[in-house]
Each structure stands twice: as C-alpha cells, then as structure tokens.
Amino acid sequence: MANETNRFQAIISHCKEYGFIFPSSEIYDGLQAVYDYGQWGSELKKNIKDYWWNSMTRMYENIVGIDAAIFMHPTTWKASGHVDNFNDPMIDNKDSKKRYRVDHLIEGYAEMLNAEGRKQEAEQILAGMDSLLAKDDFTGLKKLIEENKIKCPISGTSNWTDIRQFNLMFSTEFGSTVSADDEDNKVYLRPETAQGIFVNFLNVQKSGRMKIPFGIAQIGKAFRNEIVARQFIFRMREFEQMEMQFFIRPGTQKDWYEYWKEERLKWHLALGIPKENYRFHDHIKLAHYADAACDIEFNFPIGFKELEGIHSRTDFDLKNHQEYSKKKMQYYDAEVDPATGKPYGNYIPYVIETSIGLDRMFLAVVSHAYTEEDLSTPEKKDDRVVLKFPPKLAPMKLAVLPLIKKDGLPEIARQIMDDCKSHFRCFYEEKDTIGKRYRRMDAIGTPFCVTVDHQTKEDNTVTIRYRDTMKQDRVPVTEIRKIVLDSL
RNA sequence: GCGGAAGUAGCUCAACUGGUAGAGCGACAGCUUCCCAAGCUGUAGGCAGCGGGUUCGACCCCCGUCUUCCGCUCCA
C-alpha cells in the first residue's frame with residue numbers, strides 16, 4: 001500500500017511537471033479539489049472524449065448527441081429529486097466528534113420513545129421535525145434537539161454544534177438580481193448532465209424522428225459541492241461526465257441493462273488495458289431513481305474505485321418531469337406486441353443510463369500508462385519514465401528529430417513535419433542530444449519518433465523509434481504518415 | 001469537519017538549532033555531438049505559502065490563515 005501511495009504521488013507529480021494537470025489558480029494557493037488541464041492534459045482529455053463520442057454516436061446508429069446548457073430551470077432539480085434528497089442538515093457532537101444527519105438523530109430518539117411506550121411524544125417530535133425541516137429552520141431544529149435533551153449515543157452528551165447544511169448543488173443568482181436570498185432568482189449548476197438529456201427527450205425524439213429504443217449522448221461539466229473532495233482528480237467539485245441515456249420499452253429494462261453492461265466493458269477493453277484492471281460492482285443500496293445499478297470499477301493506484309456507472313433509472317425522471325412540467329413525456333410505440341396483436345401504444349419510456357467520469361477515465365488511462373523502467377546495464381545506471389498511452393489517446397503522436405541541427409537535416413525534418421502535421425499532432429525538436437529528446441517524448445507518451453540523419457539525404461529513409469520497446473527501424477520518409485495513421 | 005505532519009529556485013534537497021540562502025537536476029542561449037537522460041561555456045530563476053507578533057535582527061521562536069499529504073468521519 002505504501003508503494004501504491006508513492007506511485008500515486010509520482011503520477012500526480014509527473015502530471016504537473018509535464019503539463020498534464022495543474023492545481024487550479026495555483027498562484028493563489030489553488031482551489032480545493034479543482035484542477036486545470038495543461039497543454040498535454042487537454043489533448044489527452046480531448047482524445048478520450050472523441051473516442052467516447054465517436055463510438056457512441058457512430059457505432060450505434062440509434063444514438064445521437066446533444067450539448068445542453070449547464071444552467072437549467074430550477075424546477076428541473078425538484079423533479080429530479082436533487083433538491084430534496086441532497087439537502088441533509090447535519091449536526092456534530094463536540095465531545096465524540098461524530099456527525100449525524102439531523103433527521104436520523106431525531107428519528108432515533110423518537111424510536112427510543114416509542115420503545116418506551118411514549119408514542120404520543122414521539123409522534124409530536126417527528127411532526128415538529130418535519131415542519132421545521134420543510135422550512136429549513138435550523139435554529140428551530142437545534143432547539144428541538146436541545147429541549148428534548150437528545151444525546152449523542154457515543155459520548156452521551158448534548159454538546160452539539162450548530163446545524164449546518166451540506167448542499168450537494170452549487171447555486172448562483174440568475175439575471176440582474178441584487179439579493180442572493182431571492183429564491184426566485186436562484187439557479188443551480190447542474191450536479192449531473194443527465195437532466196439536460198431528459199428535458200430534451202421530446203425535442204430530440206420528435207425532431208430526430210427517433211424510434212425506441214434509442215439513446216441520447218452528452219459530454220459536459222457537472223458540479224458537486226463535495227464535503228470531502230480529495231484524491232487528485234478522482235473527486236473534483238467541477239468535473240466532466242460522458243453520459244448516455246437509452247430510452248426503452250417498459251419491461252425490457254433487465255435485458256438492456258445487461259446489454260449496456262457488456263457494451264461498456266467492451267469499450268474499455270478495446271483500449272488494450274488488460275481485463276483484470278476492471279470489475280463490476282453491483283449496488284445493493286439503490287439511489288432513489290434506480291431499480292438496478294452497478295459500477296465498472298478500475299484498479300486505480302488508490303485501489304478499485306468507480307469509473308463508470310450503469311443504472312437502470314426506470315421511468316423515474318421522465319415521469320417526474322411530466323408531473324412537474326405538465327407536458328406529456330410519452331412515446332407512441334406503433335410496433336405490434338405479439339402477445340396482444342395490438343401496438344404497444346403510449347407509454348413513458350424506461351431508461352438505462354451509462355455514465356462515465358471523464359476525469360476518472362483520464363486518471364485511469366494515465367495511471368495505467370505510467371511506467372518507471374530500470375534500463376541499467378553493468379556499466380551504467382539508467383532509468384526512464386514512460387507513459388504508454390494507447391496511440392489513439394496519446395496527446396502527441398509523432399516527434400520529428402534531426403539528429404544534428406546542421407547539414408540540411410533540419411530542413412528535411414521540416415518537410416516531414418509539413419507532410420504530417422495536418423493529419424495528427426506532431427512535435428519538432430532539434431535541441432539537445434537525441435537520447436534526451438527520446439526520453440522527453442517518453443515522458444509525455446509520444447508513441448513514435450523519427451530521426452533524420454545523413455543517410456536520409458542519400459536514400460530518403462529515417463529511423464523510427466518505438467516508445468514502448470525503444471526499438472528502431474529504418475523506414476522510407478514516404479511511409480511515416482501511414483505508419484502513424486495506421487496505429488490510430 | 002476532526003486529529004497528525006509538512007510548505008526554501010520548475011523539480012529533489014541543503015545551510016553554526018535567530019544574524020537577511022546554496023547545490024544537483026531541469027530550463028534558456030551558444031559550442032560540440034551520426035541514435036537513447038547526466039561533454040563544454042554562459043545566462044536567467046527564490047524577498048523562504050501568506051499575514052501578524054516576539055527580537056537590535058528570523059527561513060529557523062509564537063499566533064492566525066491558506067494549501068498539500070496521512071488517518072478518521074461524511075457522502076455515493
């Protein structure tokens with residue numbers, strides 16, 4: 001475990017040192033759990049996005065993408081359950097240092113009263129709690145706790161802190177409002193991208209003439225005010241999700257759930273990362289919207305952790321949006337049901353969601369790629385750090401290096417650059433010894449380096465050096481572009 | 001949120017346990033180099049996380065604050 005921790009630290013350092021990830025606003029000491037992607041990090045991230053987007057919207061003919069706004073009508077979050085379900089007031093006992101959800105604490109006390117046969121008192125307290133909770137009256141709630149002398153089960157004291165609320169959602173004011181307290185002007189930064197898909201369900205279905213089953217994909221930022229946000233980019237307050245909501249006929253959710261579990265695992269394995277780094281984890285305790293849920297966990301340096309979630313969300317979201325918006329979120333299914341001989345007719349579709357954290361995927365790719373190699377020989381100590389990215393994800397595809405910077409070698413290298421740079425990301429470098437340049441390319445994960453030498457002037461060939469094996473081949477200049485493109 | 005530790009050049013670390021900071025690597029410029037970091041020369045980078053206090057004087061003492069790491073808690 002100590003080694004794994006060191007490895008994680010090394011990866012974090014490497015990410016910063018080589019321009020992948022910087023702490024946000026670092027010159028002002030950073031901002032907790034917020035990070036910026038640097039010059040190579042943003043390339044890698046974009047490549048991951050493209051890989052996901054293309055496989056979703058191209059490989060599946062019945063999936064289309066959208067790009068919904070981060071701001072959404074406040075009612076969205078009432079309908080989705082986020083306002084009520086992620087608003088738990090908390091209280092700490094100063095002696096035991098234990099934290100409780102206020103409702104749990106009071107309910108526990110009421111249960112105790114019930115057990116003692118003091119039913120009426122219990123009911124009275126619970127009723128009081130409910131009305132205070134509804135009003136967000138924290139002082140009132142604390143008073144309730146104090147008046148009933150509710151004690152901490154651990155310390156046995158009533159030495160409580162003030163009640164605090166940890167709202168999952170960030171809010172801000174909308175329009176030219178003066179008062180931040182004005183509920184009418186309050187909008188949230190979305191805590192998940194899914195709702196942007198649900199509220200557009202009808203728009204996409206109708207304008208795209210989509211027939212069930214079909215999916216809507218989206219990549220976008222989401223925001224959560226995590227209480228504890230640590231572990232580098234694994235848990236950030238601002239993060240990016242790649243989500244696909246798949247709309248299906250009610251009753252078929254089990255089959256589609258299994259289908260998407262498999263499809264999503266295949267997607268991961270197609271990157272060439274070995275299977276043993278992935279595992280499924282089924283949820284026992286389900287979220288308020290799901291009837292089945294699992295995670296694809298990845299073996300991060302901090303252990304197996306959630307990378308992607310696959311949830312059977314039932315018709316929870318669409319049904320609620322129908323109720324709150326008074327718009328029919330229904331689909332007319334003209335297909336004939338063999339059981340009845342009649343069309344399936346109108347229904348609110350069920351939904352299977354696949355939701356992967358882009359930043360977590362980034363971390364998975366980097367932590368798997370990160371390799372420290374000992375290259376020592378009896379004569380000389382040597383080692384290198386290399387990022388063994390799948391070529392299609394590598395931020396830089398090709399480095400073009402004149403062996404020395406004279407005798408016309410740079411000019412030839414420049415021609416190779418011109419031939420390739422419009423096809424994929426290339427890097428030109430003539431400074432320092434060739435070995436140093438190779439190692440610098442290893443550090444950012446460039447899969448190919450070609451070196452122009454004097455022989456190039458005679459037979460128009462270069463050496464191509466492969467990142468993972470460090471082996472070299474002699475290839476014609478005219479082949480370079482094809483070799484790189486074939487690997488992508 | 002609680003407890004513990006840390007915060008010196010881009011990175012890794014030093015400097016009589018108070019008298020205003022050095023090295024290696026890296027970077028940059030040039031030279032040299034015909035294939036895997038550490039050849040030569042030169043240059044640029046730090047008011048020591050930030051703020052305050054004690055002191056004639058603090059990087060080194062005290063307080064606060066921020067950030068990071070470890071553990072716990074919480075959340076899913």
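Chain A is the first sequence line, chain B the second, and so forth, proteins listed ahead of strands; every chain is numbered from 1. Only a predicted model underlies this, so the values are computations on that prediction, with no experimental measurement involved.
Only the P atoms considered, B:A44 is 23 Å distant from B:G39, to the nearest whole Å. Straight-line distance between the P atoms of B:G45 and B:C56: roughly 35 Å, to the nearest whole Å. Nucleotides B:C47 and B:G57 have their C1' atoms positioned 16 Å apart, rounded to a whole Å. Separating the P atom of B:G42 from that of B:A6 is a span of 39 Å, rounded to the nearest Å. With both ends at atom P, the span from B:A37 to B:G22 equals 33 Å, rounded to whole Å. The separation of B:G4 from B:G10, taken at their P atoms, amounts to 31 Å, rounded to a whole angstrom. Here, B:G49 and B:C60 have their P atoms 8 Å apart, quoted to the whole Å. Comparing B:C59 with B:U8, their C1' atoms are spaced 7 Å from each other, to the whole Å.
Here the side chain of A:Asp382 is nearest to one of B:A37, B:A27, B:C35, namely B:A37. Checking B:C34, B:A38, B:C28 against every side-chain atom of A:Lys431, the shortest atom distance belongs to B:C28. Nearest to the side chain of A:Met470, among B:C36, B:C75, B:U33, sits B:C36. Distance from the side chain of A:Thr433 is smallest to B:A38 among B:C75, B:A38, B:C34. With distances taken from any side-chain atom of A:Gln9 to the nucleotides B:C35, B:C34, B:C69, the minimum falls on B:C69. When distances are taken from the side chain of A:Gln472 to each of B:A27, B:C36, B:C11, the shortest belongs to B:C36.
When both pairing distances are held under 3.5 Å, B:C2 makes a Watson-Crick or G-U pair with B:G71. B:A15 makes up no base pair with any nucleotide shown, lacking Watson-Crick or G-U wobble contacts both under 3.5 Å. Pair assignment for B:G7 gives B:C66, based on Watson-Crick or G-U wobble hydrogen-bonding distances that are each under 3.5 Å. B:A48 is unpaired under the criterion used here, namely a Watson-Crick or G-U wobble arrangement in which both key atom distances are under 3.5 Å. Base pairing of B:A38 is not made with any nucleotide, judged by Watson-Crick or G-U wobble geometry with both donor-acceptor distances under 3.5 Å. Nucleotide B:G26 forms a pair with no other nucleotide shown, judged by Watson-Crick or G-U wobble geometry with both contacts under 3.5 Å. For B:U54, there is no paired nucleotide, since no Watson-Crick or G-U wobble pair has both relevant distances below 3.5 Å.
Between A:Lys305 and A:Arg360 the shortest side-chain heavy-atom distance does not fall below 4.5 Å.
For a distance-only test at 3.5 Å, the side chain of A:Arg465 qualifies as a donor-acceptor partner of the base of B:C36.
Using cut-offs of 30° and 60° for the angle between ring planes, the A:His281 and A:His283 rings count as tilted. The aromatic rings of A:Phe234 and A:Phe300 lie perpendicular to each other, with more than 60° between the two planes, well past the 30° mark.
Residue A:Lys436 places at least one side-chain N or O under 4.0 Å from the OP1 or OP2 atom of B:G26. At the phosphate of B:G10, neither OP1 nor OP2 sits under 4.0 Å from any side-chain N or O atom of A:Lys16.
Around atom NZ of A:Lys457, more than 12 heavy atoms belonging to other residues, nucleotides or ligands sit under 6.0 Å away.
Nucleotide B:G45 is shown with a syn base, its glycosidic torsion being within 90° of 0.
If A:Glu430 and A:Arg440 are placed on RNA chain B by their nearest nucleotide, the residue sitting closer to the 5' end is A:Arg440. A residue-by-residue look at A:Tyr438 and A:Ile12 shows that A:Tyr438 has its nearest nucleotide of RNA chain B further toward the 5' end.
In this structure, the CG atom of A:Asp432 is 13 Å from the C1' atom of B:C25, given to the nearest Å. As rounded to whole Å, 12 Å separates atom C1' of B:C70 from atom CD of A:Gln231. Going from atom CD of A:Glu26 over to atom C1' of B:U68 covers 11 Å, rounded to whole Å. If you take CG of A:Asp407 and C1' of B:U33, they are 11 Å apart, rounded to a whole angstrom. In this structure, CD of A:Glu17 is placed 11 Å from P of B:G26, rounded to the nearest angstrom. In this structure, A:Phe22 places its CZ atom 11 Å from P of B:C11, rounding to the nearest Å. In this structure, CZ of A:Phe234 is placed 15 Å from P of B:A76, rounded to the nearest angstrom. The interatomic distance linking A:Arg437 (CZ) with B:C28 (C1') rounds to 16 Å, in whole Å.
In summary, the side chains of A:Gln245 and A:Glu353 do present a donor paired with an acceptor at a separation below 3.5 Å, with no hydrogens or angles considered. Side-chain contact, A:Ser312 with A:Gln253: no donor N or O sits under 3.5 Å from an acceptor N or O.
A:Asp442 comes within contact range of no nucleotide atom at all, as no heavy-atom separation falls under 4.0 Å.
Of the options A:Lys405, A:Arg440, A:Arg437, a salt bridge (Lys or Arg N to Asp or Glu O under 4.0 Å) to A:Asp432 is made by A:Arg440 and by none of the others.
The cationic group of A:Lys397 does not satisfy the cation-pi geometry with A:Phe424, failing either the under 6.0 Å distance to the six-membered ring centre or the 45° limit from the ring axis.
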